[in-house]
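The analysis underlying the following values was restricted to heavy atoms, covering all of them including side chains, and did not include hydrogens, waters or symmetry mates. Chain naming here is simple, since letters A, B, ... match the order of the sequence lines and numbering starts at 1 in each.
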Protein chains: 2
Amino acid sequence: MARWEPEPRERLLRAALELFEEQGYDSTTVVQIATRAGLTKSTFFRHYPDKREVLFAGEDLLCRLTADGIAAAEEAATPLEAVVAALQAAAEAFVEGRRDYGPRLIAVIAGNRELRERSAMKEAAITAAMAEALQKRGVAERTALIAAELGGLAMHRAYALWASPANRSEFAELAQQELAELRSAAADL
Amino acid sequence: MARWEPEPRERLLRAALELFEEQGYDSTTVVQIATRAGLTKSTFFRHYPDKREVLFAGEDLLCRLTADGIAAAEEAATPLEAVVAALQAAAEAFVEGRRDYGPRLIAVIAGNRELRERSAMKEAAITAAMAEALQKRGVAERTALIAAELGGLAMHRAYALWASPANRSEFAELAQQELAELRSAAADL
């Protein structure tokens with residue numbers, strides 16, 4: 001049997017978001033989330049270690065996608081071209097069905113200090129994953145760090161655009177455009 | 001009466017660090033920290049909201065110093081020159097008597113996930129303070145974000161060097177040199 005079942009994870013995320021919105025993050029328990037999702041507490045814990053991680057399950061996926069994207073970039077790619085490959089690979093995590101969660105996730109996280117801290121850690125982890133993957137390609141440490149920071153900024157900004165209700169562009173397109181604009185803004189340093 | 005008394009704050013920091021090292025962060029209580037510092041619990045809470053914030057009291061100071069440094073930079077300064085001014089102003093927080101806490105703080109934070117998250121948030125807050133101060137000078141948003149990220153990287157790396165036992169250089173010098181090297185590394189993007 002496959003241990004990874006997308007359906008329960010999705011149901012738990014939907015239930016958690018609803019409850020966090022209705023009654024606040026602090027007042028919501030794992031049992032309430034499981035019940036709302038029509039699942040048991042033990043099913044919850046098969047998928048997430050605690051209620052907070054329901055909101056940050058994308059971290060591991062994004063670290064893996066971006067690192068793999070960089071590793072798979074053409075040998076002749078510049079560091080920033082490898083970061084473009086990372087952002088294109090990351091788009092797999094930003095599929096159409098998830099777009100509507102975007103503004104809701106952003107609002108729930110913004111409203112709670114613990115979640116904002118966790119979110120800062122998530123962004124740092126993704127940036128670190130990109131920097132490490134760049135160094136594995138032989139990119140010098142500082143150049144890798146800067147390229148990864150630009151990639152992180154592009155991802156953050158593209159996500160906010162992608163998740164905004166009026167936007168219908170693809171994440172990959174938004175991220176690539178954002179990275180290009182950041183690159184050109186860096187000329188004014 | 002001045003509400004800010006450096007002496008008790010310093011004693012509480014020293015006591016907290018000792019206890020976190022001896023018995024772990026999770027097992028240490030506010031009462032234990034206050035007792036070890038020869039102070040009362042209510043004195044503790046006059047200085048810090050909880051045991052965790054003892055380790056991150058520098059955040060507000062660093063946000064203020066860097067933002068003020070940028071605001072006070074010469075009118076003709078480029079964004080990166082303004083960031084140099086921010087790092088020089090930040091050096092006020094890295095005085096000689098604090099250097100020995102450096103490796104101990106780094107080790108305690110590295111050993112606890114909650115503290116690592118808080119630390120990521122601190123770095124994000126300082127970077128955001130610099131970006132905001134740059135925008136107030138009229139620097140375009142994306143350029144301000146990149147300059148602030150470079151400043152944050154330089155501060156992080158200079159701090160690690162400054163706090164390493166073998167190092168006797170001044171923080172300001174290390175940070176300025178690091179920023180210059182990051183700038184030159186950015187040419188290879």
Side-chain angles (χ1 to χ4, degrees), chain A residues 49-50 52-53 56 59 77-84 109 112-128 131 134-135 137-154 156-158 160 177-189, chain B residues 49-50 52-53 56 59 77-84 109 112-128 131 134-135 137-154 156-158 160 177-189:
Chain A
D50 54 45
R52 194 181 65 163
E53 291 309 302
F56 297 98
E59 176 177 315
T78 63
L80 226 46
E81 285 165 355
V83 169
V84 169
I109 292 169
N112 182 284
R113 181 168 175 99
E114 183 192 343
L115 297 178
R116 291 198 301 276
E117 288 175 13
R118 179 66 186 80
S119 183
M121 182 80 171
K122 175 182 171 179
E123 298 200 350
I126 296 167
T127 299
L134 286 164
Q135 286 185 259
R137 290 175 63 91
V139 176
E141 189 191 5
R142 287 189 185 86
T143 307
L145 289 171
I146 301 166
E149 290 287 356
L150 291 177
L153 271 178
H156 179 92
R157 294 170 64 86
Q177 189 178 330
E178 188 55 51
L179 190 67
E181 291 186 24
L182 285 167
R183 206 240 148 127
S184 105
D188 301 328
L189 283 175
Chain B
D50 55 44
R52 194 182 64 163
E53 290 310 301
F56 296 99
E59 176 176 314
T78 64
L80 226 45
E81 285 165 354
V83 170
V84 169
I109 292 168
N112 183 284
R113 182 168 173 100
E114 183 191 343
L115 297 178
R116 290 198 301 276
E117 287 173 15
R118 179 67 186 81
S119 183
M121 183 79 172
K122 176 182 171 180
E123 299 201 350
I126 296 167
T127 299
L134 286 163
Q135 284 184 260
R137 289 175 63 91
V139 176
E141 189 191 6
R142 287 189 184 87
T143 307
L145 289 171
I146 300 167
E149 290 286 356
L150 290 178
L153 270 179
H156 179 93
R157 294 170 64 85
Q177 189 178 331
E178 188 56 50
L179 190 66
E181 291 186 23
L182 285 167
R183 212 242 144 121
S184 108
D188 301 328
L189 282 175

Would you check, one step at a time, whether the test side-chain contact (heavy atoms from CB on, under 4.5 Å) holds for A:Met121 with B:Glu114? CA-CA 10 Å; A:Met121 182 80 171; B:Glu114 183 191 343; over 6 Å; no
Set of salt bridge (Lys or Arg N to Asp or Glu O under 4.0 Å) partners for B:Arg116, sequence neighbours left out: none
What's the spacing between A:Leu150 CG and B:Leu150 CG if we round to 0.5 Å? 7.5 Å
Checking A:Thr78 against B:Leu189 for the side-chain contact (heavy atoms from CB on, under 4.5 Å) test, could you report, in this order, the C-alpha distance in whole Å, the side-chain angles of both residues, the deciding distance, and whether it holds? CA-CA 6 Å; A:Thr78 63; B:Leu189 282 175; over 6 Å; no
Check each atom of B:Ala140 against the heavy atoms of chain A and say whether the ones under 4.5 Å are side chain, backbone, both or neither. neither
With only heavy atoms counted, which part of B:Leu134 is less than 4.5 Å from chain A, the side chain, the backbone, both or neither? neither
So which pairs with a foot in residues 137-151 of chain B pass salt bridge (charged side-chain N to carboxylate O under 4.0 Å, His left out), sequence neighbours left out? A:Arg157-B:Glu141, A:Glu178-B:Arg142, A:Glu181-B:Arg142
Among the listed options B:Lys122, B:Arg113, B:Arg183, B:Arg118, the residue most often paired with chain A at heavy-atom distances under 4.5 Å: B:Arg118
Atom pair CG/CG of B:Leu145 and A:Leu153 - distance to nearest 0.5 Å: 5.5 Å
B:Leu182 versus A:Ile146, closest heavy-atom pair with distance: O-CD1, 3.1 Å
Who among A:Glu123, A:Glu81, A:Arg52 has the most heavy-atom pairs with chain B under 4.5 Å? A:Arg52
